[in-house]
Novice: 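Before I ask anything, let me first share the structure, which is written out below as structure tokens.
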Amino acid sequence: MDLTQRPRRLRSDGVRSLVSETRLDPTDLVAPVFVDATTDERVPIESMPGHERVPVDQAVDRVEEVLATGVEAVIVFGVPESKDPEGARAWAEDGVVQRAVRAVTDETDAYVVTDVCFCEYTDHGHCGILEHGAREDPHMTVDNDRTLDRLRRTAVSHAEAGADMVAPSSMTDGMVGTVRAGLDEAGFDSLPVMSYAAKYESSFYGPFRDAADGAPAFGDRRHYQMDPANAREATREVALDVEQGADVLMVKPALPYLDVVRAVRESFDRPVAAYNVSGEYAMLHAAAEKGWLDLDAVAHESLLSIKRAGADLILTYFAENVAQQL
Ligand code: PBG
């Protein structure tokens, strides 16, 4: 037996960190924050232990808690005071996200990203305006082109409120180009766009839909979000967003889609983001609660693996927990 090669030589305590290939840093992480216009006190999110929906007047406090852990960026989600078929509260100047973002950017140093979508704002819970008569139709779908104009308005309203980056997430064809053009026209040509570029129609979003009250009232999202069976299609989707001016390319979810994270990393010379989604968070918490997994360890290992696969930044509900471990 030839043992000239002994990989174990580089696994002793003194040398492990010298040869380690991947490093997690709190500044790689983006913490999701939920702001709720329907409440005046914090409401725990049952399926996402440790997370809460906070009233607008506590948005600053909530973000300060994130910053205290060393995480420097947040992504803000809003629950509006009312919903309608178009999701008009998404672009209202006094909307929940607009008010929260104004306060947070005035009063903190956080880097503030906003999610640009309609599922929390429409009464039917879909990510855009429905095609005429779609409610009765089992093959209902979102009207792609009429949704575009509303995405543009929403993104511009977030920019006007002070957002540092906008993240369109509706999987509307042409969303990045439309948002980019709208921002440029409104004078925000330096504001970057992070596209939810390869966003799958995933069952791992369940807990988020409780958190943000954005579950579809009927049907599902398979006519606009990507089919989990498809990897090569992700390259085509992402290429379109790059052509349309996306600055950061996101893959979502993260852990079940690390092949896609890697493919995007290798095919495009742009920063890659991965969204470690609510279901990925909830399942580790559930197992830890039963005593079956060590929560801190699996949270850290999950994020490390997402980075190792090629992500530069990670949106994760574990942001604060893991940053504190680092
Ligand atoms: C769309 C949006 C969703 C998530 C982030 N942005 C919901 C969806 O697409 O159904 C899910 C995030 C998660 O599960 O953590 N506004």
Side-chain angles (χ1 to χ4, degrees), residues 29-36 45-53 74-80 83 87 89-91 95-97 113-129 142 147 150-151 154-155 158 163 165-172 175-176 179 193-228 237 248 250-257 273-286 299 302-303 306 313-320:
L29 308 178
V30 182
V33 165
F34 296 98
V35 184
D36 185 345
I45 302 164
E46 219 173 301
S47 51
M48 298 172 64
H51 282 273
E52 298 170 323
R53 316 209 281 210
V74 295
I75 181 163
V76 179
F77 294 98
V79 178
K83 304 182 189 233
R89 294 304 297 167
W91 61 83
V96 58
V97 164
V113 185
T114 57
D115 182 82
V116 179
C117 193
F118 300 110
C119 50
E120 298 110 81
Y121 299 88
T122 51
D123 54 9
H124 45 73
H126 282 286
C127 302
I129 187 166
V142 164
T147 296
R150 289 153 175 96
L151 284 167
T154 303
H158 291 175
M165 178 186 273
V166 296
S169 73
S170 58
M171 290 303 279
T172 313
M175 69 180 185
V176 172
V179 162
V193 174
M194 172 161 64
S195 177
Y196 283 71
K199 179 175 179 178
Y200 285 87
E201 200 255 329
S202 170
S203 298
F204 286 98
Y205 304 151
F208 175 92
R209 292 177 183 174
D210 298 339
D213 192 23
F218 59 92
D220 52 43
R221 305 209 204 284
R222 72 183 187 282
H223 296 131
Y224 41 103
Q225 297 181 345
M226 284 182 61
D227 183 344
E237 260 288 355
V248 180
M250 192 205 295
V251 174
K252 179 187 169 193
L255 290 176
Y257 296 83
Y275 200 138
N276 177 229
V277 303
S278 57
E280 300 175 57
Y281 178 81
M283 64 184 174
L284 297 190
H285 266 276
S302 296
L303 302 194
I306 294 166
L313 57 151
I314 306 172
L315 297 92
T316 176
Y317 305 97
F318 287 118
E320 292 160 272

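Counting starts at 1 for both ligands and their atoms, following the listed order.
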Novice: Quick one: which of Gln225, Lys252, Arg209 has a heavy atom closest to atom 10 (O) of ligand 1?
Specialist: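 Shortest heavy-atom distance from atom 10 (O) of ligand 1: Arg209.
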Novice: Below a 4.0 angstrom heavy-atom separation, can you tell me which part of Cys119, side chain or backbone, both or neither, approaches ligand 1?
Specialist: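 It is the side chain that touches ligand 1; the backbone stays farther off.
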Novice: Of all the heavy atoms in Phe77, does at least one lie under 4.0 Å from an atom in ligand 1?
Specialist: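 Right, Phe77 reaches ligand 1.
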Novice: Taking only heavy atoms of Glu120 into account, list the atoms of ligand 1 that are under 4.0 Å away from them.
Specialist: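 So the answer, numbered in order with elements, is 16 (N).
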Novice: May I ask you to decide if Tyr317's main-chain N or O and His51's side chain share a donor-acceptor pair within less than 3.5 Å?
Specialist: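 Looks like yes, one N/O pair under 3.5 Å.
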Novice: Do side-chain atoms of Arg53 reach the backbone of Ala211 as a donor and acceptor pair under 3.5 angstrom?
Specialist: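 Here the side-chain-to-backbone pair exists.
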Novice: Go through ligand 1 atom by atom and flag the ones less than 4.0 Å from a non-hydrogen atom of Cys117.
Specialist: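 Here the atoms of ligand 1 in question are 1 (C), 16 (N).
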Novice: Quick one: side chain to side chain donor-acceptor pair (under 3.5 Å) partners of Ser302, sequence neighbours excluded?
Specialist: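 Partners of Ser302 by the side chain to side chain donor-acceptor pair (under 3.5 Å) criterion come out as none, since no residue qualifies.
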Novice: Would you say Lys83's side chain and His124's backbone share a donor-acceptor pair under 3.5 angstrom?
Specialist: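 Flag not set: sc Lys83 to bb His124 has no pair under 3.5 Å.
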Novice: Does Tyr317 approach ligand 1 within less than 4.0 angstrom via side chain, backbone, both or neither, non-hydrogen atoms only?
Specialist: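 Just the side chain.
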Novice: Test your reading of the model: is there a side-chain donor-acceptor pair from Glu280 to the backbone of Pro253, 3.5 Å cut-off?
Specialist: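 No, the answer is negative, given that no donor and acceptor are paired below the 3.5 Å cut-off.
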Novice: By number and element, which atoms of ligand 1 are closer than 4.0 Å to a non-hydrogen atom of Lys199?
Specialist: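 Those atoms are 1 (C), 2 (C), 3 (C), 6 (N), 8 (C), 9 (O).
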Novice: So between Tyr224, Tyr281, Phe208, whose heavy atom ends up nearest atom 12 (C) of ligand 1?
Specialist: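 Among Tyr224, Tyr281, Phe208, the closest heavy atom to atom 12 (C) of ligand 1 belongs to Phe208.
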Novice: Just to be sure I'm reading this right: ignoring hydrogens, which of Pro207, Ser278, Gly125 gets closest to atom 14 (O) of ligand 1? Compare them by their nearest heavy atoms.
Specialist: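 When every heavy atom of Pro207, Ser278, Gly125 is considered, Ser278 comes closest to atom 14 (O) of ligand 1.
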Novice: For Glu320, what residues pass the side chain to side chain donor-acceptor pair (under 3.5 Å) criterion, not counting sequence neighbours?
Specialist: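 So Glu320 forms a side chain to side chain donor-acceptor pair (under 3.5 Å) with Arg62.
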Novice: Can the ring centres of Tyr205 and Tyr200 be said to be less than 6.0 Å apart?
Specialist: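 Ring-ring flag for Tyr205/Tyr200: false, centres at least 6.0 Å apart.
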